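The structure under discussion appears below in the form of structure tokens.
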Amino acid sequence: MPELPEVETIVRALRDGGRGGEPLPGRQILGARISWERTLAEPKAAQFLARITGQTVRSVERRGKFLLLPLTNDSLLIHLRMSGDLRVDIVQEGAEEENLKPHDRVLIWLQDGLRLAFNDPRKFGRMWLVADSAEVLANLGPEPLSESLTAETFHQRLVSKKRQLKPLLLDQSFLAGMGNIYTDEALHMARLHPLMSSDTLNVEQAEVLLNAIRNVLKEGIRRNGASIDWVYRGGEFQNDFRVYQRTGEACQVCGQIVQRILVGQRGTHFCPTCQPFEGQR
DNA sequence: CACGTCACCTGCGTGC
DNA sequence: TGCACGCAGGTGACGT
């Protein structure tokens with residue numbers, strides 16, 4: 001489910017309140033329960049419970065598609081992968097285990113009757129409780145929305161590789177936060193074919209691509225993310241898709257039929273007219 | 001190094 | 001209706 005805009009939407013809700021929940025920062029963790037052990041990347045459940053209990057949430061942040069919750073001593077990192085979601089419930093004393101939902105994998109109880117639920121039907125999501133978040137985030141590339149990433153730097157990074165554009169943009173060590181939807185959308189906006197070789201882009205094309213990435217991400221955040229199936233709630237960006245899930249429909253720019261191909265096992269949507277494959281091969 | 005394939009999981013839509 | 005199949009917002013471990 002979640003790419004950068006969906007994660008950012010959840011971060012804001014947990015940090016500031018919203019989506020029916022109260023803000024987490026400043027609240028102490030009273031206890032936790034692990035219903036699916038493999039959700040914990042580290043440490044093991046017993047260690048996790050012992051260490052997290054008593055710590056206070058200091059803030060809620062995002063890095064790429066990771067949620068970071070700095071605690072009193074450690075950091076709690078969460079990656080939602082394909083189907084993960086976070087929900088804050090308010091529970092009455094004595095009813096701490098009531099109104100659970102199918103697929104709740106981890107529960108964390110906090111002060112003031114708050115219960116943070118990690119819900120994940122497909123069980124791909126992961127959590128880490130670590131002393132230093134850098135050990136988990138070490139291989140992440142730059143934040144696309146950070147102003148410190150310039151078009152020149154982005155161009156250098158592109159041409160330093162010789163890879164197909166779409167798989168490269170999905171590589172989190174190249175750029176942090178892009179997923180299947182926003183990559184297809186950004187490539188269409190930039191009028192670049194998903195299979196183009198990254199080293200063939202000139203500086204102008206790199207700048208157009210970076211701006212397209214930023215525009216689709218910002219619009220996604222503004223629309224509270226995309227809700228395209230039964231998992232995610234609240235977002236509206238799905239109503240603005242240019243090519244994603246529009247196979248066989250007319251391109252909104254030129255009227256050509258939107259095509260779907262497989263790139264690295266991922267469904268890939270593009271307009272053959274707006275995004276011609278001029279690149280070699 | 002770049003790319004293909006599979007594994008990890010559950011649930012939904014489609015077509016027979 | 002039942003059932004097989006393909007598909008899904010992600011990533012990591014392999015092999016070539």
Side-chain angles (χ1 to χ4, degrees), chain A residues 1-10 35-42 62-67 77-86 101-106 118-128 136-141 157-187 194-200 213 216-217 219-221 223-248 260-269 279-281:
Chain A
M1 141 197 162
E3 303 179 35
L4 189 155
E6 289 74 32
V7 176
E8 179 66 23
T9 300
I10 294 172
S35 303
W36 182 253
E37 296 267 345
R38 299 186 61 181
T39 299
L40 290 184
E42 68 167 292
R62 181 190 60 73
R63 175 77 174 93
K65 301 175 193 171
F66 286 83
L67 287 104
L77 306 194
I78 304 171
H79 198 302
L80 304 171
R81 292 279 178 93
M82 290 289 267
S83 64
D85 195 9
L86 290 163
K101 306 229 165 147
H103 317 302
D104 280 349
R105 309 300 183 194
V106 176
F118 177 62
N119 188 277
D120 187 21
R122 292 178 70 180
K123 301 177 174 174
F124 291 161
R126 292 292 180 264
M127 280 190 191
W128 297 254
V136 179
L137 307 176
N139 294 324
L140 281 186
R157 291 176 68 80
L158 284 165
V159 300
S160 72
K161 310 275 184 186
K162 200 183 178 78
R163 294 182 57 185
Q164 296 173 332
L165 227 35
K166 172 153 177 176
L168 183 58
L169 293 177
L170 289 175
D171 183 337
Q172 301 299 295
S173 68
F174 179 76
L175 194 63
M178 296 297 284
N180 207 37
I181 297 176
Y182 293 89
T183 298
D184 282 1
E185 296 296 300
L187 286 172
L195 294 178
M196 262 184 86
S197 187
S198 61
D199 65 335
T200 65
I213 288 168
V216 296
L217 291 177
E219 186 61 12
I221 291 170
R223 302 281 256 149
N224 294 316
S227 311
I228 62 172
D229 60 21
W230 80 106
V231 178
Y232 193 62
R233 57 222 158 87
E236 294 291 337
F237 187 66
Q238 67 279 6
N239 301 319
D240 295 342
F241 288 163
R242 305 161 65 96
V243 286
Y244 187 79
Q245 281 190 342
R246 293 202 179 282
T247 310
R260 179 183 184 277
I261 58 174
L262 273 183
V263 181
Q265 313 288 81
R266 312 296 306 274
T268 297
H269 315 74
Q280 39 295 328
R281 212 189 330 261

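Below, chain A is the first sequence line, B the second, and so on; all start at residue 1. Keep in mind the model is a prediction, meaning the values are calculated, not measured.
In this structure, R242(A) CZ and H269(A) NE2 are separated by 15.0 Å, a value rounded to the nearest 0.5 Å. How far CE of M127(A) is from CG of L80(A): 8.5 Å, rounded to the nearest 0.5 Å.
Contact of the S198(A) side chain with the L165(A) side chain is registered, since non-hydrogen atoms from C-beta on lie closer than 4.5 Å. Within the 4.5 Å cutoff, the side chain of L77(A) has heavy atoms near those of the L137(A) side chain.
In terms of phosphate contacts, Q172(A) brings no side-chain nitrogen or oxygen within less than 4.0 Å of OP1 or OP2 of dG10(C). Using a 4.0 Å cut-off, no side-chain N or O of R266(A) falls inside it from OP1 or OP2 of dA8(C). Listed pair H103(A) / dG11(B) meets the phosphate criterion, a side-chain N or O lying under 4.0 Å from OP1 or OP2. Between dT10(B) and K123(A), a contact under 4.0 Å exists linking OP1 or OP2 to a side-chain N or O.
Sorted by first then second residue, the salt bridge (Lys or Arg N to Asp or Glu O under 4.0 Å) pairs that include residues 165-177 of chain A, not counting sequence neighbours, are R163(A)-D171(A), K166(A)-D184(A).
Ring-plane geometry between F66(A) and W128(A) is classed as tilted, the angle between the planes lying from 30 to 60 degrees on a 0 to 90 degree scale.
The interatomic distance linking R81(A) (CZ) with dC8(B) (P) rounds to 14 Å, in whole Å. Distance D120(A) CG to dT10(B) P: 10 Å, rounded to the nearest Å. Between the CG atom of D104(A) and the C1' atom of dT10(B) there is a distance of 15 Å, given to the nearest Å. The separation between N139(A) atom CG and dG10(C) atom P is 18 Å, rounded to whole Å. One atom, NZ of K166(A), and another, P of dT11(C), lie 13 Å apart when rounded to the nearest Å. Atom CH2 in W128(A) sits roughly 8 Å away from atom P in dG12(C) (whole-Å rounding). When rounded to the nearest whole Å, the span between OH of Y244(A) and C1' of dA8(C) equals 7 Å. Computed from coordinates, the R122(A) CZ to dC8(B) P distance equals 13 Å when rounded to whole Å.
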| field | Step-by-step salt bridge (charged side-chain N to carboxylate O under 4.0 Å, His left out) determination, K161(A) to D199(A) | value | CA-CA 6 Å; K161(A) 310 275 184 186; D199(A) 65 335; over 6 Å; no
| query | Is there a salt bridge (charged side-chain N to carboxylate O under 4.0 Å, His left out) between D120(A) and R105(A) once you walk through the steps? | reply | CA-CA 6 Å; D120(A) 187 21; R105(A) 309 300 183 194; 5.5 Å; no
| request: Could you give me the CA-CA distance, side-chain angles and deciding distance for Y244(A) and Y182(A), then say whether ring-ring contact (aromatic ring centres under 6.0 Å, His included) is met? | output: CA-CA 8 Å; Y244(A) 187 79; Y182(A) 293 89; 8.9 Å; no
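When the P atom is used for both dC1(B) and dG10(C), the distance is 24 Å, rounded to whole Å. Rounded to whole Å, the separation between the P atoms of dT5(B) and dG6(C) comes to 15 Å. Comparing dG2(C) with dC9(B), their P atoms sit 28 Å apart, to the nearest whole Å. For the P atom pair drawn from dG11(B) and dT11(C), the interatomic distance equals 22 Å after rounding to whole Å. Taking atom P in both dC5(C) and dC6(B), one finds a spacing of 16 Å when rounded to whole Å.
Nucleic acid contact for Y182(A): none, since no nucleic acid atom lies under 4.0 Å from a heavy atom of the residue. Within the 4.0 angstrom heavy-atom criterion, no nucleotide atom of any strand lies near R126(A).
No cation-pi contact links R246(A) to F241(A), judged by a cut-off of 6.0 Å to the six-membered ring centre and 45° from its axis.
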| message | Reading 5' to 3' and counting Watson-Crick or G-U wobble pairs with both distances under 3.5 Å, write the dot-bracket notation for DNA chain B, | for bases paired outside the strand. | response | .|||||||.|||||||
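By the stacking rule of 5.5 Å between ring centres and under 30° between planes, F124(A) does not stack on the base of dT11(C).
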| note | Per-nt protein contacts along nucleotides 1-7 of chain B (heavy atom under 4.0 Å; B base, S backbone sugar-phosphate only, - none) come out as -SS-B--
